[in-house]
Amino acid sequence: MPGTDSPRTPEPAVQVPTRTLVEALIRTDNTVDAGELYAIAPLLGMTDQQVRLCVKRLVTEGRFTQEGRGRKAVLRATGATERALGPDVDFVAQAFRQDAGLAPWDGTWHLVAFAVPETARTARDALRAALTRLGGAPVQGGLYVSAGAWEPYVEDQARHLDVLDHLTLLTTDNLRHGNEHDPVAIARTLWPQDEIADRYRRLASVARPRLRRLQEDAHLPGPERLTIAVELAAEFTRAMEPDPLLPPELLPQPWPGTQARELVAQCWSLLEKHTDKSERISLFQLYRDAIRPAVAAG
């Protein structure tokens with residue numbers, strides 16, 4: 001298994017925002033046990049005061065409701081929080097399918113052109129941000145490209161922003177950027193692959209010693225297991241969010257993302273296996289739903 005026979009290394013510290021801690025501890029019934037929250041916070045270098053202020057903000061924002069007070073309180077996620085929880089399962093699942101060789105690239109580039117008027121500047125800026133978040137890269141002003149079939153996601157965003165009538169979607173297998181025709185070279189130019197690879201190397205350095213700890217001790221106390229889960233979720237999100245999920249055919253090999261995701265998958269499997277059903281957090285199910293189809297198909 002990747003990383004299990006390497007020399008023992010210290011566990012890198014992970015910076016976890018207080019909001020991320022609260023959202024990561026949502027259980028499958030959409031509640032957060034405040035006692036659990038306060039028990040894990042100091043393991044992540046957080047104070048009780050930080051947790052209290054964060055909970056107050058989340059309740060004020062309508063992201064949670066609160067029943068009871070202090071460590072005996074129960075937080076309940078509202079509908080808005082439920083919809084926004086965790087990584088996007090579709091994209092995580094696609095990453096694992098690519099890692100398993102189950103999603104070969106067909107050589108097609110997917111492009112979106114738009115000309116949103118100045119009167120809708122806010123929507124135009126939001127559209128640009130959405131296209132980048134969906135893995136697109138700007139080719140020219142108002143023209144973005146992706147190596148994946150992103151049309152359904154683009155159309156959803158455009159409808160939400162009420163700019164669908166200003167979009168043109170097209171595909172091509174003959175993209176030239178300047179004088180460059182080679183798809184690998186084009187991908188290297190359009191996307192910051194070195195920065196993305198560094199994020200995955202960081203993720204692997206976080207996951208590897210934690211995986212070793214989980215393998216060596218199946219009876220870690222609950223707070224320690226959940227601390228590992230929260231740290232992995234925070235670091236995994238940092239690595240995945242800027243990743244356009246380019247197909248392996250366009251990436252240098254070996255790609256750091258493949259090993260990092262495998263290490264995280266092993267951690268999540270052990271965390272779920274050794275956590276009582278009553279204590280399992282929603283993130284276990286989110287990752288399981290994303291990872292298992294690729295594993296089963298492979």
Side-chain angles (χ1 to χ4, degrees), residues 1-4 6 8-28 32-33 36-37 39-46 84-96 99 196-243 245 255-277 279-292 294-295:
M1 290 183 290
T4 58
S6 59
R8 184 175 296 277
T9 55
E11 296 187 8
V14 176
Q15 295 297 317
V16 179
T18 316
R19 179 181 295 254
T20 298
L21 168 63
V22 178
E23 293 179 344
L25 291 183
I26 296 175
R27 293 183 175 178
T28 53
V32 176
D33 181 330
E36 200 169 71
L37 184 62
I40 294 172
L43 300 178
L44 293 168
M46 300 177 190
L85 279 180
D88 190 298
V89 174
D90 288 347
F91 289 95
V92 177
Q94 175 66 4
F96 280 94
D99 293 343
I196 295 166
D198 285 342
R199 287 175 179 261
Y200 279 118
R201 292 187 185 98
R202 161 71 184 179
L203 174 59
S205 74
V206 167
R208 190 175 289 111
R210 288 163 175 81
L211 173 59
R212 181 180 288 113
R213 180 148 56 107
L214 291 168
Q215 290 169 329
E216 292 175 348
D217 189 353
H219 303 290
L220 282 175
E224 288 191 39
R225 286 198 308 273
L226 289 177
T227 298
I228 291 175
V230 173
E231 290 173 331
L232 288 174
E235 208 63 54
F236 188 84
T237 299
R238 289 191 187 102
M240 282 288 294
E241 279 188 343
D243 186 355
L245 295 184
W255 177 241
T258 302
Q259 184 191 53
R261 284 189 287 262
E262 171 61 19
L263 288 166
V264 171
Q266 292 181 48
C267 288
W268 280 107
S269 177
L270 290 172
L271 284 165
E272 184 177 29
K273 179 180 178 181
H274 297 298
T275 301
D276 292 339
K277 288 185 178 181
E279 298 178 343
R280 290 180 183 174
I281 54 179
S282 294
L283 285 178
F284 288 159
Q285 182 174 336
L286 285 169
Y287 280 98
R288 183 181 67 240
D289 290 348
I291 294 169
R292 284 188 177 173
V295 173

Rounded distance [0.5 Å steps], CG in Asp33 versus CD1 in Ile26
13.0 Å
Donor-acceptor check, side chain of Thr237 to backbone of Ala233, threshold 3.5 angstrom: yes or no?
yes
Would Glu262 and Asp99 count as a side chain to side chain contact (heavy atoms under 4.5 Å, CB included) here? Give the steps.
CA-CA 9 Å; Glu262 171 61 19; Asp99 293 343; over 6 Å; no
Under 3.5 Å: donor-acceptor pair, side chain of Thr275, backbone of Leu271
yes
Kindly assign one of parallel, tilted or perpendicular to the pair Tyr200 and Trp255, based on the angle between their ring planes and the thresholds 30° and 60°.
perpendicular
Sequence-distant partners of Glu241, side-chain hydrogen bond (donor to acceptor under 3.5 Å, both in side chains), two or more places apart:
none
If you look at every heavy atom in Leu43 and Pro223, which pair is closest and at what distance?
CD1-O, 3.9 Å
Could I get the full list of salt bridge (charged side-chain N to carboxylate O under 4.0 Å, His left out) partners for Glu235, not counting sequence neighbours?
Arg202, Arg238
All heavy atoms of Pro242 vs all of Ile196, minimum pair found to be O-CD1, 3.7 Å
Does Glu36 come within less than 4.0 Å of Arg27, counting only side-chain N to carboxylate O?
yes
Would you sort out whether Leu21 and Leu44 count as a side chain to side chain contact (heavy atoms under 4.5 Å, CB included), showing the intermediate values?
CA-CA 9 Å; Leu21 168 63; Leu44 293 168; 3.8 Å; yes
Gln215 and Arg210: side chain donor to acceptor below 3.5 Å:
no
Between the side chains of Arg261 and Asp243, is the shortest nitrogen-to-carboxylate-oxygen separation below 4.0 Å, so that they form an ion pair?
yes
For Arg199 and Met240, what are the C-alpha separation, side-chain angles and deciding distance, and is it a side chain to side chain contact (heavy atoms under 4.5 Å, CB included)?
CA-CA 9 Å; Arg199 287 175 179 261; Met240 282 288 294; over 6 Å; no
To the nearest 0.5 Å, tell me how far Met46 CE sits from Leu37 CG.
8.5 Å
Of the non-hydrogen atoms in Phe91 and Leu245, which two are nearest, and what is the gap between them?
O-CD1, 3.2 Å
Go through the steps to decide whether Leu220 and Ile228 satisfy the test side chain to side chain contact (heavy atoms under 4.5 Å, CB included), and finish with yes or no.
CA-CA 10 Å; Leu220 282 175; Ile228 291 175; 4.1 Å; yes
Could you give me the CA-CA distance, side-chain angles and deciding distance for Arg213 and Glu11, then say whether salt bridge (charged side-chain N to carboxylate O under 4.0 Å, His left out) is met?
CA-CA 10 Å; Arg213 180 148 56 107; Glu11 296 187 8; 2.7 Å; yes
Residue Glu224 excluded, over 12 heavy atoms near CD under 6.0 Å:
yes
Out of curiosity, Arg225 CZ to Glu272 CD, how far, rounded to the nearest 0.5 Å?
12.0 Å
Taking every heavy atom of Leu214 against every heavy atom of Cys267, the minimum-distance pair comes out as CD1-O, 3.8 Å
Could you tell me which non-hydrogen atom of Thr20 sits nearest to which non-hydrogen atom of Ala234, and how far apart they are?
CG2-CB, 4.3 Å
